[in-house]
Amino acid sequence: MFYVEQSEKIFDILVMGGGHAGLEAAWISHQFDLKVGIVSLPGVGLGSAPCNPAVGGVGKGQVVRELDALGGLMGKLADRSGIQYRILNESKGYAVQSTRVQIDKELYSKVAEEEIEKSSIEVIRDKVDRVFKDSNDLFNLVGERSVYRTKKLVVTTGTFLGGKLHTGPEVVDGGRVGQSPSESLENLFSGIETLKARFKTGTPPRILRHSIDFSKMEEQPSDDRAENFHWENSDQARKSKQVSCYLTRTNEDALSIIRENREKSPIFNGQIKGIGPRYCPSIEDKAFRYLDRNTHHVFVEPEGLDIDTFYPNGISTSLPKDVQLEFLQKIPGLEQAEIAVYGYAVEYDVVNTLRLYQTMEHREVTGLYFAGQVCGTSGYEEAGGQGYIAGVNAALAVLQRNPLILDRRVSYIGVMIEDLVTNERDEPYRLFTARSENRLFIREDNSIERMASYRKQLGLNKPIDHYNDQFLQLSKDLEEICHKTQFLPTKENISLFGQLDLGSLKEKTSLSEVLQRSIVDPVKALKEVLICKGIYFPANVLKTVAISIKYSGYIAREAQDNESLNKLEAKKINWESLLENSNLSFECKQRISKIKPSTFGQLRRIEGIRPATLTFVASGL
Amino acid sequence: MAVFGDDKPIVAISTGLKEKSALGIVRVSGFVNLDFLKELTGNAKRVIEARQAYFSRFYNTSGEILDEGLFTFFQGPHSFTGENIVEFHLHGNPLILQRFCDYLVDKFDFRLAEPGEFSYRALKNEKLNLTQVEGLDLLLNANSSFGLSAGTKLLNNDLYRDYSALRGVFLEIKATIELLIDFAEDVGEEEAWAKLEKDTKEFEDLIEGLHKRTSGDLTKILSPSIVLVGPTNAGKSTLFNRLVGENRAIVSDVHGTTRDYISEYISINGSSFKLIDTAGLRETGEKIEKEGIERSLDVFKKAFYKLFVCNPFHSFDFDYYEATLKECDGILFTHSDVEDFESKVKEKMLSMPNKTFFKSGPMGAVYFGGPIGPSEMNGPRGAKDDGGSIGPDKLSGPMGAKGNIGPIGPKESGAPKEPILEDVISGCYEAILSGNPIAIERHRIEISAIYDAFNEFSNTYKKIRDSAILSSLVNRLGARLDSLVGIVSPQEVLDHIFSNFCIGK
């Protein structure tokens, strides 16, 4: 062991890892005027995108906007580097619509570094080998160049802890291709419980642009109606040139090559033992688990404007290199494909998130926070959301202020954090809108409104607060207009209703009532009525108000329906006394003692808790 | 803590206490070891195996014999409650049983069980689900053979399986909608909508089936009554006595009779009915009689089968009785043996729709062994309160002859068969039972709520394809389903269930 000089400086918060979780953790905490640093491996860009080059998506778009409304960084970076925007679920109702943007991954990383550079956040390029807490209750991070001391430590090391890469029979230690791994979690933090099972994730091969025949694929151009993520970019003006993605499909020929090579697949021959996400299966999973299916979507996505590779989304694989090339070349448009980087699978260690508080602080080690993929989640947005919560709470803890906990009924970040700390992970966690009980309300369009009270609690007094206030005031004004504007069945109004497709007008009807009609598209209708009346409101305010009114009946009824359930959900339970009860089954008790549910709702969401147990507990409340 | 107190061992007399009987059973549940039993039997060395009956004497501390009898040990979790249980088969004198329980409470710190507490523990320990507990409740409290078999079925989990199937399809529907929202890019959208279409249809079939099984009034099904109405002196009480005489049931009405109507349980073709003779329906200024009529009307409304009894020789104000007649299932004419019967019968009555018409012929001395009078009535207790309206002098003629009230008269072979009262009534009842009605009121309410929630979903689904709204409606449906299978059962459900139990169940 060699000794290195100990830096005199004591950080308030150090973030270990400069990925999407780490960036958000550092970004929010530095806004409290604290001494914040990011420790990142040398040679790894900040905010790099080793998986698919996109930000947002169903449920995830909401997270990006929530982060943005809370003063986060991701939305800003995504807009700066966005090269193709899409509105997902456009035909399925406003509540479940989400924005997704393809990013130029080099540009994304570059803008991230610029933003951090402009801020007071210190970036430390070093490889940390050991972490311990000294007698002053400070974390000491022993790097190769120095020892770094900090009051709070946020660990966002992604797949780097105990990472192993698989490409066919080749196995390399590392968190991603070209990067050496971090020490395994156990070496760094003895006493931190990791899940027994390791998790697995994978990527597809990257294909060289000139070798792709796009004419055989379906072009998906950027949608100029999609709204930018960052609040300051509320116009639809793009910061970068827009390009297209392309859709092709796997076929029987491609899949039969995979099926013939079952023994060479690390996932199926036993070489990989980690658990992959069911919702993001590798092409091997698809080939072997769904034998009757011979066609799967493959989205061919550009990795950047000046990057020569495309990312074929939907065919992540860890097959040997020759097999990868062989099946790829059976896919329409990829017959001449040349691979720049082969696909691989990563196995990594995961922290047991049941040991974390809702602040992401570890229950056993005060001041130690975890966020991102190291917590068993997948996705940049999920990582960012956790990073924010860990960072903001580390900052609030330094300042000895109350923690910030987002309600699951109000935000997807809240849904995710509560799920993470109350449910055992048996596969990588991804946000779905289905995980929320309140998705008619947790939408992209009203994220500013939803986050308003949290911003207030933080009291950061930045321009965004001013923008928030203005937005809320305008929404309130417009809502009032909608409730107060009445249409009498005059000839003029009847013809107006006809013109705008608003349906019939037989009696006095308020604008709100019109917007609630099932046949009416509320956003379009409100926009047109306001134009007729010569009233102007910003587009995002108009949209939020129109959608809120449209769903208000359903939301109100849901709230009413859920009232008794919510009351029950929120009821505190004493899980320890449940363990003492000699009558609950062993399995039941095991789960309860792992998860330590503090409310009936948390108990109810524990998988495998039997109805009889719930009946019993509910009856005791 | 929960509905019931602590987790202490409980003890209760598990057999009826009303009368002295040869045997009585005392049951204890929830003890940790058998030390108390060894002490009680004065035999520390005996090896007690589970599910074996042992004969023994039971002693108190001072060595006196409390009783002698059998005991059987059931080791948890393989017992009714899931806890350790011992059943003592003792002599049936309530005093012995009570003294035995009291001794266990004093000496071994057992607690007397609250009503329903054994079942509650079974529920808590997942030996029974909520539906089964409801079935047990029905089984123990049923006073019709249908109630008994419905209770047994519930206990066997038949209905729970139907509900689980419904819930299974529901989960498919929910999953497909979630798939459409969260994985639209991964799956073909058309494929998902097609699956939704199929699952929705399947759910519709299942819920329609269940919903049909909730039609009708449950009280009419669980404790069906036959009510006799009609003008005073039409012959209702005579008919009542005859039906009771021929069909007397084992069960007797513990509530006794009132001055307003008399009732008795009868058994027809294996099913038990409560036969009710109402006070005559007629206008009266007398207050008491008026109240009696109101009460009769209430009984009338709740009746399973309503029979209007009518004497065609009496002057009859049709308009006054029209409303009542409309409600009735059958009309019985007395004195059909008299000449020119048909013409005497009011045409208006015969033309009423949806009625079964019965005729009774001469009822002579042969059958009753003498004139009918209050002193010889084989009717129910308290019949004398009826005001003596029954008597041969008041009947304008002899009444029905054979065992069954049925076809009497000149028409012989070749004529359509006239209906027989008992067969018609039991036929109606069988018809309802063949629809396999659901016998728990709570389930009926929940199923009807599920039915409504589903209809709202499927109507919306036909109109708009906003999957966020569909999902909201589906979640609503899910909450009702959860509540049906008892995943989240409000306190009242449990209170209601357990309050219906007698001690020791």
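Residue numbers start from 1 in every chain, and the chains themselves are labelled A, B, ... in the order their sequence lines are given, proteins ahead of strands.
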Enter the distance from A:R557:CZ to B:S472:OG here, rounded to the nearest 0.5 Å. 6.5 Å
Compare every heavy atom of A:V96 with every heavy atom of B:A468, then report the nearest pair and how far apart it is. CB-CG1, 3.9 Å
Can you name the side chain to side chain contact (heavy atoms under 4.5 Å, CB included) partners of B:N475, sequence neighbours left out? B:K174, B:S471
Using a 4.5 Å cut-off on heavy atoms from C-beta on, say whether the side chain of B:I469 contacts that of A:K92. no
Between chain B and each of A:L247, A:T433, A:T295, A:V58, count heavy-atom pairs under 4.5 Å; write down the option with the most. A:T433
Interface residues of residues 547-555 of chain A facing chain B - non-hydrogen atoms under 4.5 Å apart: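 Only A:Y551, A:Y554 of residues 547-555 of chain A have a heavy atom under 4.5 Å from chain B.
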Proximity breakdown for A:R100 and chain B, heavy-atom pairs closer than 4.5 Å: side chain
Contact class of A:R86 relative to chain B, heavy atoms under 4.5 angstrom: side chain
What part of B:L470 gets within 4.5 angstrom of chain A, counting heavy atoms only: side chain, backbone, both, or neither? neither
